[in-house]
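Predicted model only: the values in this text are computed from it and were never measured. Chain A is the first sequence line, chain B the second, and so forth, proteins listed ahead of strands; every chain is numbered from 1.
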There are 2 protein chains.
Amino acid sequence: MTDPTVEPRDEPVRRMKRADRREQIISAATEAFARSGFTATSLDEIAEEAGITRVVLYRHFDSKSDLYQSVLDKMCERLEAHIDEPVEGFTDESIDGLLRVASDSPAGFRLLFQHALRETEFKERIEKFRNDVSEAAYLQIAPLVPDDALARWAAQAAPAAAIEATIAWLDAGQPDPAHVAARIRKVAIGVVEAALSTDDISLPGQPTSRRDQRDEQQHQDSGQDM
Amino acid sequence: MTDPTVEPRDEPVRRMKRADRREQIISAATEAFARSGFTATSLDEIAEEAGITRVVLYRHFDSKSDLYQSVLDKMCERLEAHIDEPVEGFTDESIDGLLRVASDSPAGFRLLFQHALRETEFKERIEKFRNDVSEAAYLQIAPLVPDDALARWAAQAAPAAAIEATIAWLDAGQPDPAHVAARIRKVAIGVVEAALSTDDISLPGQPTSRRDQRDEQQHQDSGQDM
DNA sequence: CAAGATGTATACGGCAGAGTCCACCTATGG
DNA sequence: CCATAGGTGGACTCTGCCGTATACATCTTG
């Protein structure tokens, strides 16, 4: 930039085989898209993220939409590879799979569930996945929850809460990975219990005062190993 | 008759006072923005939603950003009006307030927590609100959860799960509004419990095997594992 | 009724970003 | 060592949309 004359290249211009480059672009695009979604992310940003020029993008993808679809497909593939047990619901295994994908590619995970899900042009595919999950959840929940509207609520809310909890887990630095699947599962179960009971509720380890728990914060140190 | 091209208007051209029109535009913009977010929503769409011309928008707002900010401010105002209790965390009252806002303006609620939160240009304001909530939650949760990383996770995940559960409640047709606040609170508590225990977990109504098999991936073939 | 506020229709400038083209460079592998 | 696939850089068109301007119609109110 400072010198318009052609300088010898300081960096030796890394080259990759076609397939590798394609993967690398998808990976870079995942990061870029995850920051601001489809519309607000320009191809130049993506190219920069991948360390190449916009022109090169078109050597591998027909259009911006095509690239985005490829990114989404890649993530969906991963999910399905890890959760492909024929729609059977929330097993620890399937949650483990979800978590593996999430920790393998946090950006992709966010992209799927925070952006792509709201983008009218692309949400169809992901919503299908999500509906499958909700449907599976409903089959498990319906026998337990007499009110059908509440059962449907729980079937929607439980996966959503699980995904949010997973994202929060990523944000928190993935603490205690050994038990995180069980924890996420407990979050989902909390939703089901919420659908069931209208009882008075209190925080664990506290007497049943519903309100103003902050006044009696007792510091319990159970010393659980982590 | 000076202009032959002008047809007699079939609809009598409804007019409103300035303040009313402004509110109506904000309301229409809320709906429009809620569908696809800031960037992907054009002013023409909004104008159409409001039943007016794009030009009229500029009689009330300086720019697209200004309009968006106004929409967001309006929602934040509402939230703060309902939850203004000095940062005190998850009381049933504050959740009630959240739910009132959500059911008053589902589109606005979604806009805030599904779109604006991810839009780099605007997320600051909403993230501030969210951080306040998380901080309040942390103050309640920290004494209960020995591991600080887990406490921070729960402080993030609990509000997020609560908001998702609220949105799912809207989607489900707002069933049983009398107890929904308690249910949402139970969802949040479920997260805290998840942060606490590494115990074996099962759906309500099933025999509980005590502790001891934390890492053991047992597969209950009751078909109800979640 | 006159004035002013409100709304319509249309056209235009400008800019950012998608998508294309071309001339040229250079690792890399057979 | 040479052919080629993989890459650079810039200039170009085209489109969509923001933002502005102008001219005209019509409801409302003092």
Side-chain angles (χ1 to χ4, degrees), chain A residues 1-26 28-29 32-33 35-71 119-122, chain B residues 1-25 28-29 32-33 35-71 120-122:
Chain A
M1 240 216 252
T2 51
D3 194 338
T5 64
V6 176
E7 297 280 328
R9 214 164 299 286
D10 33 0
E11 287 187 20
V13 184
R14 311 174 222 160
R15 311 177 76 160
M16 313 178 69
K17 295 190 174 165
R18 195 174 166 75
D20 293 342
R21 177 61 78 184
R22 188 188 157 91
E23 289 309 302
Q24 188 237 349
I25 290 176
I26 286 184
F33 279 133
R35 285 197 292 268
S36 320
F38 178 72
T39 336
T41 303
S42 77
L43 289 181
D44 286 305
E45 281 179 67
I46 296 169
E48 191 185 353
E49 179 88 30
I52 55 174
T53 317
R54 201 171 75 252
V55 180
V56 180
L57 293 181
Y58 286 97
R59 291 236 232 277
H60 296 268
F61 304 92
D62 292 338
S63 66
K64 190 184 181 184
S65 290
D66 180 34
L67 172 56
Y68 198 63
Q69 280 290 4
S70 302
V71 169
E119 285 154 358
T120 49
E121 189 179 349
F122 305 99
Chain B
M1 295 302 170
T2 51
D3 192 339
T5 65
V6 173
E7 301 277 333
R9 210 163 303 286
D10 31 1
E11 289 187 21
V13 182
R14 310 175 220 162
R15 310 176 79 161
M16 313 176 69
K17 293 192 175 164
R18 191 172 169 79
D20 293 343
R21 177 61 78 183
R22 187 187 159 92
E23 288 310 302
Q24 188 237 349
I25 290 177
F33 279 133
R35 285 196 292 269
S36 321
F38 178 72
T39 337
T41 303
S42 78
L43 289 182
D44 285 307
E45 284 179 64
I46 296 169
E48 192 186 351
E49 178 88 31
I52 55 174
T53 317
R54 201 173 75 254
V55 181
V56 179
L57 294 181
Y58 286 97
R59 292 237 235 273
H60 296 269
F61 304 93
D62 292 340
S63 67
K64 189 184 182 184
S65 290
D66 180 34
L67 171 57
Y68 198 63
Q69 280 290 3
S70 302
V71 169
T120 48
E121 189 179 349
F122 305 98

Just by distance, do the side chain of [X] and the backbone of [Y] share a donor-acceptor pair under 3.5 Å?
X        : Y        : answer
Ser42(A) : Glu45(A) : yes
Ser63(B) : Asp66(B) : yes
Gln24(B) : Ala50(B) : yes

Would one find a side-chain N or O of Arg21(B) under 4.0 angstrom from OP1 or OP2 of dA5(C)? no
[X] [atom1] to [N] [atom2]: how many Å, rounded?
X         : N       : atom1 : atom2 : result
Asp44(A)  : dC15(C) : CG    : C1'   : 14 Å
Glu121(A) : dA18(C) : CD    : P     : 13 Å
Lys17(B)  : dT6(C)  : NZ    : C1'   : 13 Å
Gln24(B)  : dT6(C)  : CD    : P     : 13 Å
Arg22(A)  : dA5(D)  : CZ    : C1'   : 17 Å
Arg18(B)  : dT29(D) : CZ    : C1'   : 18 Å
Asp20(A)  : dG7(D)  : CG    : P     : 10 Å

Relative to the ring of Phe33(A), is the ring of Tyr68(A) parallel (under 30°), tilted (30 to 60°) or perpendicular (over 60°)? perpendicular
After noting the C-alpha distance and the side-chain angles of Glu23(B) and Arg18(B), does the key distance pass the salt bridge (charged side-chain N to carboxylate O under 4.0 Å, His left out) rule? CA-CA 9 Å; Glu23(B) 288 310 302; Arg18(B) 191 172 169 79; over 6 Å; no
Starting at the 5' end of DNA chain D and moving along, which residue's nearest nucleotide shows up first, Phe38(B) or Ala19(A)? Ala19(A)
Give the minimum heavy-atom separation between Ile26(A) and Val71(A), together with the two atoms involved. O-CG2, 3.9 Å
Scan residues 50-67 of chain B against DNA chain D and write down, sorted by residue number, each residue with any heavy atom closer than 4.0 Å; if none is found, say none. Arg54(B), Val55(B), Tyr58(B), Ser63(B), Lys64(B)
Checking all strands, does Thr39(B) fall into the base, sugar-phosphate, or nothing category for heavy-atom contacts under 4.0 angstrom? nothing
